[in-house]
Amino acid sequence: MLYQQPLPAPYPTLNDDELKARIVHAKNELGSRVVILTHHYQRPEIVEIGDMRGDSLKLAQFAAAQEKAQYIVYCGVHFMAESADILKRGNQVVVLPDMGAGCDMADMADADDVELAWDELVSILGHHSIMPVTYINSTAALKAFVGKKGGVVCTSSNAEKIVHWALQQRKAVFFFPDQHLGRNTCKRLGYTPESMVLWKPGIPLGGQSPERIRDSRVFLWEGHCPVHAMFTLKQIRALRAQDPQFKIITHPECPMEVVDESDAVGSTEYIVNTIAASSPGSKWAVGTEMNLVNRIAKENPDKTIVSLNRYMCLCGTMNRIDLQHLAWAMDSIVAGRPENVIRVAEPLRSLARSALDRMLSMS
Ligand code: 13P
Ligand code: SF4
């Protein structure tokens, strides 16, 4: 996680109304020169004041399509702002209001560790036999590594299509950093969990034998999302025993046994749209981050919406973006000295772009 400097006066002492007034004033000053993107996991007051909300794919596509906006203020986490910077046009500027807004899962796959693992795998399987696929929840350095090797990025909305493509191009796929999304996706494509190899970083050959590696087509990096790891099969069974009318809808970052038992599985955008389209009176238990579950409940008053885990928490890093940081970031743009600019340097930028472009052309 990166360091965020403490905010200067007066931001820490302003109340919410004063902060909102500042943000609205800055939006009016900047007009079409600024766009505020908000991920579905953002706080309600941030989503309300933003211009666009969505999942990682929708926001990446939206960022790439911006022609007018000179400033893209990304209310999400670091890898999302990096992706927007990689996809931006000309001299657009991407701002992340709080540098401490990282992603624990993305931090689990360090590009140098991946490179070491790759060399080990290649020494057994040979060159050009493995396709690297990275979830968009990864650093720009890892996306660049994947791009250099002819690989591709995916999101939770298109993982199945992308991994299917990858396995048509080469004999095996190496999927980073989320073992659960990788496993759930490959299972839907017909691979058994036993046939997939879990690669443990830092252990020779990822803890596998050369024979096992030679026999496998799917290699999963041992990373996960600590937020989605909090959903269990036991919770689903308890809820169904209590009220069988509940339908379970979960994000594919959840463990396989949770996804297997769910009635519906998909990205944050899919979860929002599926519940919105369901009939009045429906009951849903949702397996994803809590800011989003609360918003869905508010926007669907004719339905019963609960978290699958009643002790569920927020994504702490997503939640770091608050009105204080957004007001500070917006004011800095108006003043002509934008703070927290995200810049991915060359050659990483071009290499990562090739992996992202490959995804966008298939989405
Ligand atoms: P989505 O692309 O589904 O919004 O997922 C992003 C994420 O970080 C989920 O934890
Ligand atoms: Fe990362 Fe998990 Fe937070 Fe999504 S919910 S941003 S994967 S830590």
For this session: Could you walk me through whether K27 and I36 pass the side chain to side chain contact (heavy atoms under 4.5 Å, CB included) test, one step at a time?
Result: CA-CA 9 Å; K27 281 180 80 168; I36 302 178; 4.0 Å; yes

For this session: Show your working on side chain to side chain contact (heavy atoms under 4.5 Å, CB included) between V293 and M290 and close with a plain yes or no.
Result: CA-CA 5 Å; V293 178; M290 209 54 210; 4.2 Å; yes

For this session: Quick one: do V272 and E269 satisfy side chain to side chain contact (heavy atoms under 4.5 Å, CB included)? Show the steps, please.
Result: CA-CA 5 Å; V272 169; E269 185 80 6; 5.6 Å; no

Problem set entry | I124/L205 under side chain to side chain contact (heavy atoms under 4.5 Å, CB included): CA gap, chis, key distance, verdict | CA-CA 10 Å; I124 293 179; L205 290 184; 3.6 Å; yes

Exercise. Which is it for W284 and T304 under the side chain to side chain donor-acceptor pair (under 3.5 Å) test, yes or no, and what are the steps along the way?
Worked result: CA-CA 6 Å; W284 291 95; T304 306; over 6 Å; no

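T192 places a side-chain N or O within 3.5 Å of a backbone atom of S195 that can act as its donor or acceptor partner. T134 places no side-chain N or O within donor-acceptor distance of the main-chain N or O of V146, the cut-off being under 3.5 Å. Remark: the backbone N or O of I296 is paired with a side-chain donor or acceptor of N300 at under 3.5 angstrom. Proximity of a side-chain donor or acceptor of R295 to a complementary backbone N or O of Q42 within less than 3.5 Å is detected. The backbone N or O of L351 lies less than 3.5 Å from no partner atom in the side chain of K148, so there is not a single donor-acceptor pair. A donor-acceptor distance shorter than 3.5 angstrom exists from the side chain of R43 to the backbone of I321, with no hydrogens or angles considered. With hydrogens and angles disregarded, a donor-acceptor distance shorter than 3.5 Å links the side chain of S361 to the backbone of R358. With hydrogens and angles disregarded, a donor-acceptor distance shorter than 3.5 Å links the side chain of S332 to the backbone of E339. R53 places no side-chain N or O within 3.5 Å of a backbone atom of V47 that could act as its donor or acceptor partner. Between the T274 side chain and the I271 main chain, no donor and acceptor come within less than 3.5 Å of each other.
With a 6.0 Å radius and a threshold of 12 heavy atoms from other residues, nucleotides or ligands, R343 has its CZ atom at or below the threshold. For R188, the CZ atom sits in a loose shell: 12 or fewer heavy atoms of surrounding residues, nucleotides or ligands are nearer than 6.0 Å. Atom NZ of K171 has more than 12 neighbouring heavy atoms from other residues, nucleotides or ligands inside a 6.0 Å radius.
Between E82 and K143, none of the side-chain N atoms (NZ, or NE/NH1/NH2) sits under 4.0 Å from a carboxylate O, so this pair counts as no salt bridge. Between R183 and D178, no side-chain nitrogen of the basic residue sits less than 4.0 Å from a carboxylate oxygen of the acidic one, so the salt-bridge criterion is not met. By the 4.0 Å N-to-carboxylate-O rule, K283 lies close enough to D243 to be salt-bridged with it. Between R240 and D263 there is a salt bridge, since at least one side-chain N of the basic residue sits less than 4.0 Å from a carboxylate O of the acidic one.
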Which pairs would a plain distance check flag for residues 14-21, meaning a side-chain donor or acceptor within less than 3.5 Å of a matching protein atom at least two apart in sequence or in another chain?
| from | atom 1 | to | atom 2 | distance (Å) |
| --- | --- | --- | --- | --- |
| N15 | OD1 | D17 | N | 3.1 |
| N15 | OD1 | E18 | N | 2.8 |
| E18 | OE1 | N15 | N | 2.8 |

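Summarising the geometry, atom CD belonging to Q235 is positioned 9.5 Å from atom CD1 belonging to I248; distances are rounded to the nearest 0.5 Å. Residue I305 holds its CD1 atom at 10.5 Å from CD of E299, rounded to the nearest 0.5 Å. Going from atom OG of S279 over to atom CG of D302 covers 9.5 Å, rounded to the nearest 0.5 Å. In this structure, OG in S32 is found 10.0 Å from CD in Q66, a value given to the nearest 0.5 Å.
Hydrophobic clustering of Ile, Leu, Val, Met, Phe, Trp and Tyr side chains at less than 4.5 Å, counting indirect connections, unites V334 with L323.
In the hydrophobic clustering (ILVMFWY side chains linked at under 4.5 Å, chained through shared members), Y3 stands by itself.
Under the salt bridge (charged side-chain N to carboxylate O under 4.0 Å, His left out) criterion, K303 pairs with no residue, sequence neighbours left out. Partners of H325 by ring-ring contact (aromatic ring centres under 6.0 Å, His included), not counting sequence neighbours: none found. Scanning for salt bridge (charged side-chain N to carboxylate O under 4.0 Å, His left out) contacts around D110 gives an empty result, with sequence neighbours left out. Among residues two or more places apart in sequence or in another chain, the salt bridge (charged side-chain N to carboxylate O under 4.0 Å, His left out) test is passed with E48 by none. Judged as a side-chain hydrogen bond (donor to acceptor under 3.5 Å, both in side chains), and not counting sequence neighbours, the contacts of H228 are Y41, E253, T288. In terms of the salt bridge (charged side-chain N to carboxylate O under 4.0 Å, His left out) criterion, residue partners of R320 (sequence neighbours excluded) are, by chain and number, D98.
Two residues are said to be in side-chain contact when any heavy atoms from C-beta on lie closer than 4.5 Å; H39 and M80 meet this criterion. Side-chain contact between M362 and V152: present, with at least one pair of heavy atoms (C-beta onward) separated by less than 4.5 Å. Put simply, the side chain of F246 reaches to within 4.5 Å of the side chain of V306, judged on heavy atoms. Between N340 and P97 the shortest side-chain heavy-atom distance does not fall below 4.5 Å. Residues L308 and V286 have side chains not in contact (no heavy-atom distance under 4.5 Å, counting atoms from C-beta outward).
Between L37 and A63, the shortest heavy-atom distance links the atoms CD1-CB, 4.1 Å. Nearest heavy atoms, A69 versus V34: CB-C, 4.3 Å. In plain terms, the two heavy atoms of V153 and M359 that are nearest each other are O-CB, 3.1 Å.
Identified under the ring pair (Phe, Tyr, Trp, His ring centres under 6.0 Å) test for residues 85-130, with sequence neighbours left out: W118-F145. Sorted by first then second residue, the ring pair (Phe, Tyr, Trp, His ring centres under 6.0 Å) pairs that include residues 89-115, not counting sequence neighbours, number zero. Residue pairs meeting the ring pair (Phe, Tyr, Trp, His ring centres under 6.0 Å) criterion with at least one member in residues 169-194, sequence neighbours excluded: F174-F176, F174-W199, F176-W221. Applying the ring pair (Phe, Tyr, Trp, His ring centres under 6.0 Å) test to pairs two or more places apart or on separate chains, none has a residue in residues 44-76.
Counting only N and O atoms by type, the side chains of D55 and Y270 include no donor and acceptor under 3.5 Å apart. With hydrogens and angles left out, the side-chain atoms of H164 and E160 include no donor and acceptor closer than 3.5 Å.
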